[in-house]
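Here is the structure we will look at.
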Amino acid sequence: QVQVEESGGGLVQAGGSLRLSCTASGFSFSGGGMTWFRQAPGKEREFVASIRRGLTNTYVADSVKGRFAISGNNAKNTVYLQMNSLKSEDTAVYFCAAGYPISSSLTSPSAYRYWGRGTQVTVSS
């Protein structure tokens with residue numbers, strides 16, 4: 001069974017940086033994709049960034065483009081989300097999801113079968 005775990009969340013000041021990690025045990029990066037979503041209280045789960053095709057293809061949401069970057073290490077079964085220039089609106093629970101999405105469903109939570117429990121990111125002013 002695939003096990004997904006996020007880590008690296010915490011409290012940071014606006015303008016600061018944070019690096020999240022996601023380990024997906026039992027999941028093949030060469031055959032699937034890993035995606036970061038986030039969800040703030042009272043809001044819908046939002047797509048953040050995705051990596052697939054053996055970690056060679058990435059896609060980042062417009063809302064975080066230029067500030068966030070996704071990368072991975074196949075040997076460690078780990079995907080990272082580097083978050084820079086953090087803003088208060090980035091405050092959310094960040095979830096890591098694994099699955100086998102096609103391009104048309106890449107940003108949809110329903111395209112992913114395996115999910116971590118989430119890690120809290122809080123950006124203070």
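FYI, side chains are in, hydrogens and waters are out, and symmetry mates aren't considered; it's all heavy atoms of this structure. Sequential numbering from 1 along the given sequence is applied to the chain's residues.
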Restricting to side-chain hydrogen bond (donor to acceptor under 3.5 Å, both in side chains), what partner residues turn up for Gln120, sequence neighbours left out? Thr122
If you draw a 6.0 Å radius around CD in Glu89, do more than 12 non-hydrogen atoms from other residues or ligands fall strictly inside? yes
same_hphob_cluster(Met83, Tyr59) at 4.5 Å side-chain heavy-atom cutoff: no
Closest approach of Met34 and Cys96, non-hydrogen atoms and distance? CE-SG, 3.3 Å
For the pair Tyr114 and Phe27, name the ring-plane relationship: parallel under 30°, tilted 30 to 60°, perpendicular over 60°. perpendicular
Do Val93 and Leu18 sit in one hydrophobic cluster, given that two such residues count as connected whenever their side-chain heavy atoms are within less than 4.5 Å of each other, even indirectly? no
With rounding to the nearest 0.5 Å, note down the distance linking OG in Ser85 to CZ in Phe68. 9.0 Å
Leu81 and Ala49 have their tightest heavy-atom pair at CD1-CB, 4.2 Å
Inter-residue atom distance Ser21.OG - Glu5.CD, 0.5 Å rounding: 11.5 Å
Of all residues at least two apart in sequence or in a different chain, which pass the side-chain hydrogen bond (donor to acceptor under 3.5 Å, both in side chains) check with Asn74? none
Which heavy-atom pair separates Ser105 from Ala111 by the least distance, and what is that distance? O-CB, 3.3 Å
With a 4.5 Å cut-off on side-chain heavy atoms, are Phe29 and Val79 touching? yes
Pair Ser103, Arg52: side-chain N/O donor-acceptor within cut-off below 3.5 Å: yes
In terms of the angle between their ring planes, are Phe37 and Trp115 parallel, tilted or perpendicular, with boundaries placed at 30° and 60°? tilted
Out of curiosity, Arg19 CZ to Ser7 OG, how far, rounded to the nearest 0.5 Å? 10.0 Å
Can you measure from CD1 (Ile70) to OG1 (Thr35) and round to the nearest 0.5 angstrom? 6.5 Å
With distance as the sole test, does Glu6 use its side chain to make a donor-acceptor pair with the main-chain N or O of Arg117 at under 3.5 Å? yes
Would you say the side-chain atoms of Thr56 pair up with the backbone N or O of Arg53, donor to acceptor, closer than 3.5 Å? yes
Sorted by chain and residue number, the salt bridge (charged side-chain N to carboxylate O under 4.0 Å, His left out) partners of Arg38 (sequence neighbours excluded) come out as Glu46, Asp90
Gap separating the OG1 atom of Thr23 from the CD atom of Gln3, nearest 0.5 angstrom: 11.5 Å
Would you say Val12 ends up clustered with Leu20 if hydrophobic residues are merged whenever their side chains have heavy atoms under 4.5 Å apart, either directly or through other cluster members? yes
Membership question, hydrophobic clusters at under 4.5 Å side-chain separation (ILVMFWY): are Tyr112 and Trp36 in the same one? no
Taking all non-hydrogen atoms of both residues into account, name the closest pair between Asn84 and Ser17 and its distance. OD1-OG, 2.9 Å
ILVMFWY network linking Val48 to Leu106, side-chain heavy atoms under 4.5 angstrom: no
So, taking the atom named CZ in Arg45 and the one named CZ in Phe95, what distance separates them when rounded to the nearest 0.5 Å? 4.0 Å
Closest non-hydrogen atom pair, Val60 against Phe47: C-CE2, 4.2 Å
Which pair of non-hydrogen atoms, one from Gly33 and one from Pro101, has the smallest distance, and what is that distance? N-CD, 4.2 Å
Check whether any side-chain heavy atom of Cys22 lies under 4.5 Å from a side-chain heavy atom of Val4, and answer yes or no. yes
